[in-house]
Amino acid sequence: MQQQETDELEIDLLCEGIYRRYGFDFREYSRSSLKRRVNNLLGLERLATVSELQSKVLHDTRFMERFLLNLSISVTSMFRNPEMYLAFREKVVPLLKTYPSLRIWHAGCATGEEVYSMAILLKEEGLEKKTRIYATDFNEDVLKKAKAGIYPMSQMKEYTSNYIRAGGKASFSEYYSARYDNVILDPKLRKNIVFSKHNLATDSSFNEFNVIFCRNVMIYFNETLQERVHKLFHDSMCRFGILVLGNKESTRFTPFEKEYQDIDSRLRIYQRRK
Amino acid sequence: MARKLIVIGTSWGGLNALKTLFPHLPRGFSLPVAVAIHRLRESRGFLIDLLQKNSALPVMDAEDKMPIEAGHIYLAPADYHLLVEGEKFSLSVDRLVRMARPSVDVLFESCADVCGEGAIGVILTGGRDDGARGLARILTCGGTALVQNPETAENPSMPRSAIKATETKNIYDLPELGKRLCALDAANRNRLEREIIYDKTG
Ligand SMILES: C[S@@+](CC[C@H](N)C(=O)[O-])C[C@H]1O[C@@H](n2cnc3c(N)ncnc32)[C@H](O)[C@@H]1O
């Protein structure tokens, strides 16, 4: 058997083991990036083979927590892809203004930057009072950070520039106060946000939404799991609801392509047809 | 398994190098090409437009789960790692790898894993050493390594690091590199034709 095939087999067994022991399902994650992360971890933990890693993961729950943290990389930023937020203001907000109340779901919200960006946008568009935002992730650690809303000061220059290009209507510094090397976001922004744990690979629909954001999460899933999650979103979406994906993701390579029309195909804003 | 894929890694001076290399890949060139070039985080379509003007093959940003098609040139999108996932691409926003996203090593290592002998890695001009590890992995998995001549590269550092890591003798100026890629493509097509004939005759 080739070395590569042995590697594949070991990762299969690792994923199966984790699923059976802890219920986290990595069996249908994109193999190539999963493999990279597992290999990184082998280096960090000074382990020689994936089988050794598997044994530690199965017997040592503390180790499993570390492993999970390492597997769910949560790189994110406020107003990531500012152009998308600008288009959202111009093309989606007018529609949202016609509804008496709104529910928005941020699936895979990581440490919350995307969620607060939305909260700021809604406030500036006068929509915050009638909106409830549901922010979910399967990693409790990042959710804790999201709830706290504390971010490094060093990021603010980039976020301010993003905010301006995203069509921000005020001054970005109005939304935070500085504390040493960190900033704390205005707690009022959090009033209409519910943070909770939800696993896209294993949990089901929990409400019906006017808008669903799922950006840079499904890139980590293989096509089978992507299809399942797209079905979950479709089932959780109002008629004419809005779906926003990451910059380089689309409905194009999924069976749900026909269910949505483009609001802005370049910026990955879609609308459910009926 | 082993499909064939050309992966190209470059950084400083890469735009000019690609503009020189691509005209050597004629219409009808059948191998797919994936490029990781260090580029600005928010760069819009201008890089694609520029390269398309210099190429007979279609040039585009790769997207998540996009099928890899013959004779297409795919670029790693700005601020994403590009990986090979079976017959498709996948993307990741994992941390920078040796200060780069897209990282040449990430693309090359996943190509080596998936394509094995079918992987053809090409390192062009660039600073530092991104791609050296990836190219070494391609060789280990039975693939082919090609490097731009450091003497004529705008920045010799990436080619030099790659040569050091692989001890490859396949060192060429850009026009020669183009010819080498065409020769590999021709060999691949002959092999495919033979297989088809073999299939037909039994
Ligand atoms: C790269 S972050 C994306 C953050 C944000 N949406 C953005 O685009 O900036 C990916 C997030 O997806 C989460 N994630 C991965 N698999 C998940 C799953 N099965 N269910 C829920 N969240 C998941 C990770 O924990 C991580 O926080």
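Being a predicted model, the structure only gives us computed values, none of them experimental. Note on naming: letters A, B, ... go to the chains in the order of the sequence lines (proteins, then strands), and numbering restarts at 1 for each one.
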Exercise for the section: Check the surroundings of atom CG in A:Asp235: do more than 12 heavy atoms from other residues, nucleotides or ligands lie under 6.0 Å from it? Expected result: yes

Problem - B:Met60: side-chain contact (heavy atoms from CB on, under 4.5 Å) partners, not counting sequence neighbours - result: B:Pro58, B:Met66, B:His72, B:Tyr74

Exercise for the section: Could you go through the salt bridge (Lys or Arg N to Asp or Glu O under 4.0 Å) check for A:Arg36 and B:Asp94 one step at a time? Expected result: CA-CA 10 Å; A:Arg36 270 205 84 81; B:Asp94 285 9; over 6 Å; no

Exercise for the section: Apply side chain to side chain contact (heavy atoms under 4.5 Å, CB included) to B:Asp64 and A:Arg252, showing your working. Expected result: CA-CA 10 Å; B:Asp64 186 51; A:Arg252 206 171 114 205; over 6 Å; no

Practice task
Using atom types as modelled and distance alone, determine if a side-chain donor or acceptor of B:Lys65 lies under 3.5 Å from a backbone N or O of A:Thr254.
Solution key: no

Practice task
For the pair A:Lys248 (side chain) and B:Ala76 (backbone), establish whether a donor and an acceptor sit closer than 3.5 Å, ignoring hydrogens and angles.
Solution key: no

Exercise for the section: Look at the side chain of A:Tyr220 and the backbone N and O of B:Leu91, then say whether any donor-acceptor pair between them is shorter than 3.5 Å. Expected result: no

Handout entry: Evaluation steps, side chain to side chain donor-acceptor pair (under 3.5 Å), between B:Glu109 and A:Asn39
Key = CA-CA 12 Å; B:Glu109 286 169 13; A:Asn39 281 334; over 6 Å; no

Exercise for the section: Please identify each residue that fulfils side-chain contact (heavy atoms from CB on, under 4.5 Å) with B:Ser157, with sequence neighbours left out. Expected result: B:Asn155, B:Ser161

Practice task
Return yes when atom NZ of A:Lys145 has more than 12 non-hydrogen atoms of other residues, nucleotides or ligands closer than 6.0 Å, and no otherwise.
Solution key: no

Problem - Portion of A:Glu8 that has a non-hydrogen atom of chain B nearer than 4.5 angstrom - result: neither

Exercise for the section: Ignoring hydrogens and angles, state whether a donor on the side chain of A:Asn247 or B:Tyr80 is under 3.5 Å from an acceptor on the partner side chain. Expected result: no

Problem - Test salt bridge (Lys or Arg N to Asp or Glu O under 4.0 Å) applied to A:Glu223 and B:Lys88, step by step - result: CA-CA 10 Å; A:Glu223 287 167 298; B:Lys88 318 216 155 160; 2.8 Å; yes

Handout entry: Residue selection (most heavy-atom pairs with chain A, distance under 4.5 Å) from B:Val97, B:Val84, B:Val106, B:Asp79
Key = B:Val106

Completion exercise
Among residues 131-143 of chain B, residues within the sub-4.5 Å heavy-atom range of chain A, in order of number, are B:Cys141

Fill in the blank from the handout: For B:Glu85, the side-chain contact (heavy atoms from CB on, under 4.5 Å) test, sequence neighbours excluded, returns A:Ser30, A:Arg31, A:Ser32, B:Ser90

Practice task
With a 4.5 angstrom heavy-atom cut-off, could you sort out which part of A:Arg268 is near chain B: side chain, backbone, both or neither?
Solution key: side chain

Problem - A:Glu140 atom CD, over 12 foreign heavy atoms within 6.0 Å - result: no

Problem - Among B:Ser110, B:Ala112, B:Ser92, B:Gly86, residue most engaged with chain A (heavy-atom pairs, under 4.5 Å) - result: B:Ser92

